[in-house]
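Here the structure is laid out as structure tokens; the discussion comes afterwards.
Labels below follow one simple rule: chain letters A, B, ... track the order of the sequence lines, proteins then strands, and each chain is numbered from 1. This is a predicted model, so every value here is computed, not measured.
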Protein chains: 2
Amino acid sequence: MPLGSGSGATHSQQTYAESVTTNSASSAEPGNRRILLVEDEQTIADVVRDYLLKAGFQVDMAGDGFTALELAASRQPDLVILDRMLPGLDGVEVCRRLRQSMSVPVIMVTALGTEDDRILGLEMGADDYVTKPFSPRELVLRVKSVLRRSIKEFTPEPPVEAAGFELDPASRTVTHRGVPLALTVREFDLLAFLMRRPHQVFSREELIKAVWGWDFGDLSTVTVHVRRLREKIEANPTKPELLKTVWGVGYRFDGKRSEADNVRPDSSVRVDSDVRVDSDVPVDMGEGDHGRQ
Amino acid sequence: MPLGSGSGATHSQQTYAESVTTNSASSAEPGNRRILLVEDEQTIADVVRDYLLKAGFQVDMAGDGFTALELAASRQPDLVILDRMLPGLDGVEVCRRLRQSMSVPVIMVTALGTEDDRILGLEMGADDYVTKPFSPRELVLRVKSVLRRSIKEFTPEPPVEAAGFELDPASRTVTHRGVPLALTVREFDLLAFLMRRPHQVFSREELIKAVWGWDFGDLSTVTVHVRRLREKIEANPTKPELLKTVWGVGYRFDGKRSEADNVRPDSSVRVDSDVRVDSDVPVDMGEGDHGRQ
DNA sequence: CACAGTTCTTACGGATTCCATACACTTGTG
DNA sequence: CACAAGTGTATGGAATCCGTAAGAACTGTG
């Protein structure tokens, strides 16, 4: 649905976004992200702004190149959408100067999909491209995509701490009360995934999808790696206290809540008095990006 | 309202000035920056001075080339705005002499946007360009931009110290407990990159992108250089204590883990590692742009 | 208690990853 | 032009990890 043919149907966006967003870290979501929209045609600008707002972004607008540069400097947006054709200062020139002074990602909107524009724009440092006529839906998707990339680049994942374990993705180290543990890649990823979602049960399918990035495969792989991980983090791997198995369902990491928690030393207390086996457990997989076809 | 085409109407200045001053608090920080404005046409000079003053700069003015050189020497401005056409001494010549004696950034104001002028000016060492007729708003923006750049350029990277190693980017030297080490260019860059981001793992891809500036290439290059670097900085290269390898991930520099440690790792220049093929990223940039720079 | 389903445990071959060395190419120098 | 230093690539081998299989142990049910 190219721009200009009215608004409407912003709902399918959700579906689209989900299928596209293979593994979105929640941090990449619109949240507090600010977009600077530089477009001289008022009608287009309005429509796009509406879409961006609906997607949850904050939007600043500029109608010409100079205003754009000023706003970029004063508002420090997280991303700039830039029309190639502008009164006053050319879009390419604006992009070039933006790049000189700051490191904000830029999406170029170019009138015709001529090769010249694409090449020129990319050389100027645009991070992505949209050619007129374009669908605002597509634009929003690209915005999210570019943001996701740039955020990933500039914001490393923060460390996690639980039950005396400190896990730092930046250095890929895990320490238990200061003592470093030697985990392998898979073990680390698995532990990281679980530590970020404590007290939440995950089936083997979910884990092999989230941590391994597979859509199929031998589930016993998970079992074995859980075993190996326990060997390294549990005081008594036979009687796990942290990485517990929820019988018939999967695994769960119990960190924190450690002191006042032990509801009853009596081990007969079944953990899952209310474990529903909903097939559609919402799993926000943020950790693994290993594609295996 | 372009300047320089005629003498008239400097009144709408007020409107412009407002939009200009809005972002006076931004990063360019005119603060105490001093600008030398060299312009023989009094009307233009006055208007531009007003804009610069409103933007928060201190302004010195000169009407001819000789005065310009004298003022430049005596006032030590942070930037010079230089008209190409001057009585007495040509703008290009002034620029050339300025460049001989000091390293101040120069913005050229040239009468016509002819190619000759651009080329000549750039050869003379102008940092940026404005062609008459120009808008004073644009000029202010360029001043800020150039200043920002030059500040960045002339602020040298500070030395780093870790684990008895002192690395000074300015002199490109490394010493270990006072003893100088003979590192090659690549070794130095690699070590510098890692020492600035201690306790942070980088994959070979990230390193070859960040240190080598390649987007592709044989990753074993990194391996070998790490090996060579270890040969020079490790007591026992076979059992590295500083430049550690993180199996299946990459390398990490571990220096200084004693005192103030839990500092958030420098988030500045992360490079994206995962070469995931985002389905929604339209990668149709020419297939063959494999320039290795 | 027997049975079926699930999980644990161990072990092993293959695959991956890294290291060490050697070699070819470029560049600057005398 | 020879030479040396620096750099990128190729290769064999060692170290490590991973996925799978297969049997033992466990759990809940009838």
Identify whether the distance between the nearest side-chain nitrogen and carboxylate oxygen of B:Lys232 and B:Glu187 falls below 4.0 Å.
yes

Find the distance A:Lys239:NZ to C:dT9:C1' and express it as a whole number of Å.
14 Å

Separation of C:dC8 atom P from A:Lys244 atom NZ, nearest Å, is 14 Å

Could you state the CZ-C1' distance from A:Phe202 to C:dT7, rounded to the nearest angstrom?
20 Å

For A:His176 and A:Phe165, take the angle between the two ring planes, folded into 0 to 90°, and tell me which bin it lands in: parallel under 30, tilted 30 to 60, perpendicular over 60.
parallel

Below 4.0 Å: OP1/OP2 of D:dG19 and any side-chain N or O of A:Trp212:
yes

Do any side-chain nitrogens or oxygens of B:Thr184 fall under 4.0 Å of OP1 or OP2 in D:dA5?
no

Can you check whether B:His225 has a side-chain N or O nearer than 4.0 Å to OP1 or OP2 of D:dT7?
no

Report, as a single string ordered 5' to 3', how protein heavy atoms within less than 4.0 Å touch nucleotides 19-30 of chain C: B base, S sugar-phosphate only, - not at all.
SSBB--------

Whole-Å distance between D:dC17 P and A:Arg172 CZ?
13 Å

Is there a side-chain contact between A:Val246 and A:Tyr251 in this structure, where contact means two heavy atoms from C-beta onward sitting under 4.5 Å apart?
no

Judged by atom type as modelled, is there a donor-acceptor pair below 3.5 Å linking the side chain of B:Arg99 to the main-chain atoms of B:Val104?
yes

Hey, which sits more toward the 5' end of DNA chain D by its nearest nucleotide, B:Ala182 or B:Thr221?
B:Ala182

For atom CD1 of A:Ile208 and atom P of C:dT7, their distance in whole Å:
14 Å

In whole Å, what is the span from the CH2 atom of B:Trp214 to the C1' atom of D:dG8?
6 Å

Does B:Ser220 place a side-chain N or O at less than 4.0 Å from the phosphate oxygens OP1/OP2 of D:dA10?
no

The side chain of A:Trp247 lies closest to which of these nucleotides: D:dT9, D:dT27, D:dA15?
D:dT27

Take atom CG of A:Leu190 and atom P of D:dC17, then tell me their distance rounded to the nearest Å.
16 Å

Rounded to whole Å, the CD-C1' distance (B:Glu205 to C:dT17) equals 13 Å

Could you tell me if B:Ser171 and B:Asp168 have a donor-acceptor pair between their side chains, going purely by distance under 3.5 Å?
yes

Sub-3.5 Å donor-acceptor pair from the side chain of B:Glu234 to the main-chain atoms of B:Leu242, do we have one?
yes

Would you call the rings of B:Phe202 and B:Phe193 parallel, tilted or perpendicular, taking 30° and 60° as the class edges?
perpendicular

